[in-house]
Engineer: 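To start, I am sharing the structure in question, which I have written as structure tokens.
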Amino acid sequence: LVLEKVELERAMLKKSLVGLQKEGKIRNDIAPEELSLIVSAVFHGLFIAQLTEICPHNSSRHVDFIINALLGDRNP
């Protein structure tokens, strides 16, 4: 059941990433299939790290770093 949810999440994320790339809102130099896997893994990892108190509860700085990397030169 968990694996099904993860695969569904990745498929939805991939669809969104393809659209964002077509609109020129995020970098085009990374395949959506690969990017959806990495983004899902990172955010699941951050969630687990927060639950186990390995990571500070305010991890917005880390999330901003990830988002800025995806935006590349498009970041205002």
Engineer: What pairs of residues pass the salt bridge (Lys or Arg N to Asp or Glu O under 4.0 Å) test when at least one of them lies in residues 35-47, not counting sequence neighbours?
Structural biologist: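 Of all non-adjacent pairs touching residues 35-47, none passes salt bridge (Lys or Arg N to Asp or Glu O under 4.0 Å).
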Engineer: Can you measure from CG (Leu8) to CE (Met12) and round to the nearest 0.5 angstrom?
Structural biologist: 5.0 Å
Engineer: How is the hydrophobic cluster of Val18 composed, in terms of its other members, when Ile, Leu, Val, Met, Phe, Trp and Tyr link through side-chain heavy atoms under 4.5 Å apart, directly or indirectly?
Structural biologist: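 For Val18, no cluster forms, as it stays isolated from other hydrophobic side chains.
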Engineer: Measure across Ile30 and Gln21 and return the closest heavy-atom pair with its distance rounded to 0.1 Å.
Structural biologist: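 Reported closest heavy-atom pair: O-NE2, 2.9 Å.
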Engineer: What donor-acceptor contacts under 3.5 angstrom involve side-chain atoms of residues 34-47, with partners at least two apart or in another chain?
Structural biologist:
unit_1	atom_1	unit_2	atom_2	d
Ser36	OG	Pro32	O	3.2
Ser36	OG	Glu33	O	2.9
Ser40	OG	Ser36	O	3.0
His44	NE2	Glu9	OE2	2.9

